[in-house]
Q: 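Below is the structure I would like to discuss, written out as structure tokens.
Atoms within each ligand, like the ligands themselves, are counted from 1 in listed order. Numbers here simply count residues along the sequence, with the first being 1.
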Amino acid sequence: MLNLGVLASGRGSNFQSIIDSIEAGRLKASVKLLITDKSDAYAAERAKKHSIEHLYINPKDFTNKDVFYEKIAGELSARGVELVVLAGFMRVVRKPLIERFPNRIMNIHPALLPSFPGLHGQQQAADYGVRISGCTVHFVDEGMDTGPVIVQAAVPVSPEDTEDTLSKRILKLEHKIFPEAIRLFAEGRLSVEGRIVKIRGYCVDEDACLLNPPL
Ligand code: GRF
């Protein structure tokens with residue numbers, strides 16, 4: 001059973017998809033702690049509903065960002081967390097947390113990295129006029145959405161798409177691939193070589209859509 005710590009800033013629909021996968025028995029994991037950095041994050045309500053411990057940690061209570069991340073790292077370590085999941089955590093994570101959990105922090109980004117990193121990945125894709133976008137689960141390094149890619153899934157983009165319509169289409173896939181990536185980790189199937197993530201027992205179905213290989 002894998003011990004998870006989740007960091008979120010907002011509504012927490014990805015957090016919910018992880019809870020649902022655990023409760024459905026698809027993911028052998030347990031969420032030990034939710035940490036939010038915003039006092040009104042709806043993710044906190046979800047934790048309460050599912051009896052998951054929650055801490056609100058206000059970044060303004062700390063003299064600098066490194067001390068804030070040391071506090072977070074300490075709380076996660078104290079609960080035996082093995083994998084940290086950024087589920088809509090709207091901050092660039094810093095060294096004190098990354099060094100405590102090397103290649104053990106995952107993030108979901110709503111675009112096909114390395115395209116459209118940073119905020120509003122869906123808006124960036126719609127504005128650029130690409131025909132395909134999607135979402136990416138990756139390990140976290142010190143850059144902005146630059147860490148090794150674990151899984152990706154693609155959606156078509158229409159010229160009529162707005163940030164809102166594209167975000168909804170992408171979000172449905174986020175809710176599938178994030179728990180799947182965590183499951184691969186929980187099953188011990190991921191290893192990182194440089195910036196390549198090897199997945200044991202992963203094969204691309206050449207006859208299916210190459211962009212969405214089965215996990
Ligand atoms: C998602 O689109 C995720 O890709 C991005 O932030 C959003 C969070 O949504 N990192 P939610 O809070 O999980 O509903």
Q: Could Arg79 and Glu53 be called an ion pair, given the rule that one side-chain N must be under 4.0 Å from one carboxylate O?
A: yes
Q: Answer whether the closest heavy-atom distance between the side chains of Ile57 and Phe62 falls below 4.5 Å.
A: yes
Q: State plainly whether the residues Asp66 and Lys95 are in salt-bridge range, i.e. N to O under 4.0 Å.
A: no
Q: Cut-off 3.5 Å, side chains only: do Ser30 and Asn3 have a donor facing an acceptor?
A: no
Q: For the residue pair Glu23 and His50, confirm or rule out a side-chain donor-acceptor distance under 3.5 Å.
A: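 The answer is yes; a qualifying pair exists.
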Q: Give one line per pair: atom of ligand 1, protein atom, distance. Only N/O to N/O under 3.5 Å.
A:
from     : atom 1 : to     : atom 2 : distance (Å)
ligand 1 : 2 (O)  : Glu174 : OE1    : 3.3
ligand 1 : 2 (O)  : Glu174 : OE2    : 3.1
ligand 1 : 4 (O)  : Glu174 : OE1    : 2.8
ligand 1 : 4 (O)  : Glu174 : OE2    : 3.3
ligand 1 : 9 (O)  : Arg11  : NH2    : 3.3
ligand 1 : 10 (N) : Ile108 : O      : 3.0
ligand 1 : 12 (O) : Gly12  : N      : 2.8
ligand 1 : 13 (O) : Ser13  : N      : 3.3
ligand 1 : 13 (O) : Asn14  : N      : 2.8
ligand 1 : 13 (O) : Asn14  : ND2    : 2.9
ligand 1 : 14 (O) : Arg11  : NE     : 2.5
ligand 1 : 14 (O) : Arg11  : NH2    : 3.4
ligand 1 : 14 (O) : Ser13  : N      : 2.8
ligand 1 : 14 (O) : Ser13  : OG     : 2.5

Q: Taking side-chain contact (heavy atoms from CB on, under 4.5 Å) as the definition, give me every residue that meets it alongside His120, ordered by chain and number, with sequence neighbours left out.
A: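 For His120 the side-chain contact (heavy atoms from CB on, under 4.5 Å) partners, ignoring immediate neighbours, are Gln123, Glu163.
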